[in-house]
Amino acid sequence: MHRRLIAPGALAAASLLLAIPASAADYRPGAPGIGDPYYPYYGNGGYDVSHYDIRLTYRPQTDELAGTTTLLATTTQNLSRFDLDFLLDVSEVRVNGARAAFTTSGQHELEITPASPLPKGTAITVVVRYSGVPSTKSAYGFSTWHRTPDGAVAADEPESAWWWFPSNDHPLDKATYDVSVAVPQGTQAISNGTLQSTVSGPGSTRYNWRSDKPQATYLTTLAIGRFDITTGRTADGVPVVNAYSKGLGADDGAARASVERTGEIVDWLTGYFGPYPFSSVGGYVPDTTTGYALETQTRVYYSPRQFAGGSNTSVVVHELAHQWFGDDVSLKGWKDIWINEGFARYAQWLWSEHEGEGTAQELADYVYASHPADDAFWTVAPGDPGPDNQFDIAVYDRGALAVQALRNAIGDDAFFAALKGWPKKHAYGNASVADFQAYAEKVSGKPLADLFDTWLFRPAKPAAPAARAAVLAQRATAPVRPKSW
């Protein structure tokens, strides 16, 4: 046995170290990313946000935005420092009332060092004052802030918050919201949830919106401009708020003919997915040149181009289906995008069936027959497509094929029970593809690993089910295109 000898000087240093509370060494910075492999620096570690209070003033002519965002959060580790995702110019940060030091790093990181370290489990209030011109800011070579002739729109995926409020920008950290925006008189500000009040002052009006259910950051939207706003209610009494830019021109009629059916479509979707999960519903069509629609929670964003060819209730069905699959139950990681897009696309197929324009099975057969085995379509795995293919058409169409394959494998009773039970089981939370597989196995009583692997993960065209092989072989030479396609 050897006894370790310590020199007097070293012993004194060791005694000094022991005099420091052991917990002090545990304080460390929160991670600059929440841990999503697709987007390593999206979101942040070390805390969980429960509420955002966003108070803004916006000038449409110059695109100048000034604001104060207050975050209510709880630390999930002993924090010496933490990050927010943000791009505008910050003038002051306070943590629990005390001024905090701050700097920027990376593409969109706002690093905040509180006056005192924060123990794990501490409730914190973070106040950030800022200003800037969002259209002059970019990250990774792009911007998601869309200027319009009469204002601006924040609506994009998988990020849009950085241009107008500091946040923990990942669906894993959902929160409630108050969004208050002052704009010049004659201009409106539209956001998620329910309009609580409007307050007019000299030359301006402030609009106060509230989202009282957990909401992901990318699902939080802001639209500023001149709109015609319509209101109504679903059969179950849910308020419907729709808005149409006054600059839509020839697309105005088709947009209204589609979006004004929101209440009807929500009522129809409740038959498949269960009660509508939020306090309001609706959509808005701003005067933008973008081409996509987005399921921003309770207030869907639609590009006018969605209606350039005439009315388009199918896109309304898709985005409203997301209110259950994507908004109510959000993905755990961006690789789980199939849960959002596969089921929203499948809702379109069910709507086609409802409208007598092709059954879900006929649409599935058409998609299957339209892509030969050597088509790159089959190399994208909807269950984990990778960041470059996250919004590839295969995630939508092959994703819906996987849903139809599941329906055929477990039968309609179990399938529709799963559709309705899933939003209830994970209400206002997050879930993964693996979680859905386990849930479907529980509901159906059948092992489904091979089916999920074949349709969601293998980079190859699945073999035709034996029961449909002859039909599909015939259609492969001349696919029958359903009316709704």
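Side-chain contact between Ser180 and Arg206 is present, with heavy atoms from C-beta onward closer than 4.5 Å. Residues Ser131 and Leu65 are not in side-chain contact: their nearest non-hydrogen atoms beyond the backbone lie 4.5 Å or more apart. For the pair Pro462 and Trp378, the minimum side-chain heavy-atom distance is below 4.5 Å. Contact annotation: the side chain of Ile190 approaches that of Phe227 to within less than 4.5 Å [non-hydrogen atoms, C-beta and beyond]. Residues Thr148 and Ser245 have side chains not in contact (no heavy-atom distance under 4.5 Å, counting atoms from C-beta outward).
Ring pair Phe452/Phe436 is tilted by interplanar angle, where 30° to 60° counts as tilted. Relative orientation of the Tyr346 and Phe415 rings is perpendicular, given thresholds of 30° and 60° on the angle between their planes. Ring pair His318/His322 is perpendicular by interplanar angle, where above 60° counts as perpendicular and below 30° as parallel. Ring geometry for Trp268 against Tyr272 counts as perpendicular: the plane angle is over 60°, on a 0 to 90° scale with 30° as the lower cut.
Annotation: Arg59, atom CZ; neighbour count of heavy atoms from other residues, nucleotides and ligands within 6.0 Å does not exceed 12. Heavy atoms of other residues, nucleotides or ligands lying less than 6.0 angstrom from CD of Gln185 number more than 12. More than 12 heavy atoms of other residues, nucleotides or ligands lie within 6.0 Å of CG in Asp412, so this atom counts as buried by the packing criterion. In this structure, Phe278 places its CZ atom where more than 12 heavy-atom neighbours from other residues, nucleotides or ligands lie under 6.0 Å away.
Residue Gly342 comes nearest to Val403 through the heavy atom pair O-CG2, 4.0 Å, listed as atom of the first residue, atom of the second, then distance. Shortest non-hydrogen contact noted between Thr187 and Pro60 is CG2-CG, 4.4 Å. Of all non-hydrogen atoms in Leu269 and Ala321, the two that sit nearest each other are CD1-N, 3.7 Å.
Checking Glu260 against Thr230 by side-chain atom types alone, a donor-acceptor pair falls below 3.5 Å. For the residue pair Trp209/Asn192, the side-chain donor-acceptor check at 3.5 Å is not satisfied. Side-chain contact, Tyr39 with Gln390: a donor N or O sits under 3.5 Å from an acceptor N or O. With 3.5 Å as the limit, one finds a donor-acceptor pair spanning the side chains of Glu64 and Thr62. A donor-acceptor pair shorter than 3.5 Å cannot be found between the side chains of Lys213 and Thr176. For the residue pair Asp63 and Trp145, a side-chain donor N or O sits within less than 3.5 Å of a side-chain acceptor on the partner. Under the 3.5 Å distance criterion, with hydrogens and angles disregarded, no donor-acceptor pair is assigned to the side chains of His108 and Glu159. Side chains of Asp85 and Asn168: no donor on one and acceptor on the other come within 3.5 Å. Looking at Gln361 and Gln404, their side chains do bring a donor and an acceptor atom within 3.5 Å of each other. When only modelled atom types and interatomic distance are considered, Asp435 and Ser432 share a side-chain donor-acceptor pair under 3.5 Å.
In terms of modelled atom types and a separation under 3.5 Å, the side chain of Asp36 and the main chain of Trp334 share a donor-acceptor contact. When atom types are taken as modelled, the side chain of Lys420 and the backbone of Gly271 share a donor-acceptor pair closer than 3.5 angstrom. In terms of modelled atom types and a separation under 3.5 Å, the side chain of Glu353 and the main chain of Ala360 share a donor-acceptor contact. The backbone N or O of Gly193 sits less than 3.5 Å from a side-chain atom of Arg299, completing a donor-acceptor pair.
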Next on the checklist: salt bridge (charged side-chain N to carboxylate O under 4.0 Å, His left out) for Lys137 and Asp89? Distances and angles first, verdict last.
Outcome noted: CA-CA 10 Å; Lys137 304 295 185 180; Asp89 305 318; 3.1 Å; yes

Checklist entry - Checking side-chain contact (heavy atoms from CB on, under 4.5 Å) for the pair Ile410/Leu448: CA distance, chi angles, key distance, verdict? => result CA-CA 9 Å; Ile410 67 177; Leu448 297 171; 3.9 Å; yes

Checklist entry - Going through the checks in order, is the ring pair (Phe, Tyr, Trp, His ring centres under 6.0 Å) test met by Phe391 and Tyr396? => result CA-CA 8 Å; Phe391 302 109; Tyr396 296 72; 7.2 Å; no

Checklist entry - Should Asp388 and Tyr38 be marked as a side-chain hydrogen bond (donor to acceptor under 3.5 Å, both in side chains) after you check the CA-CA gap, both sets of side-chain angles, and the distance that decides it? => result CA-CA 9 Å; Asp388 292 339; Tyr38 279 22; over 6 Å; no

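Results of the side-chain hydrogen bond (donor to acceptor under 3.5 Å, both in side chains) test with Gln215 over Thr220, Thr221, Thr298, Asp327 single out Thr220 as the only residue that passes. Shown are Phe86, Tyr130, Tyr52; of these, the ring-ring contact (aromatic ring centres under 6.0 Å, His included) with Phe165 is made only by Tyr52.
Cation-pi contact between Lys461 and Tyr368: present, with separation from the ring centre below 6.0 Å and deviation from the ring axis of at most 45°. Annotation: cation-pi geometry satisfied between Arg256 and Tyr244 (NZ/CZ under 6.0 angstrom from ring centroid, within 45° of ring axis).
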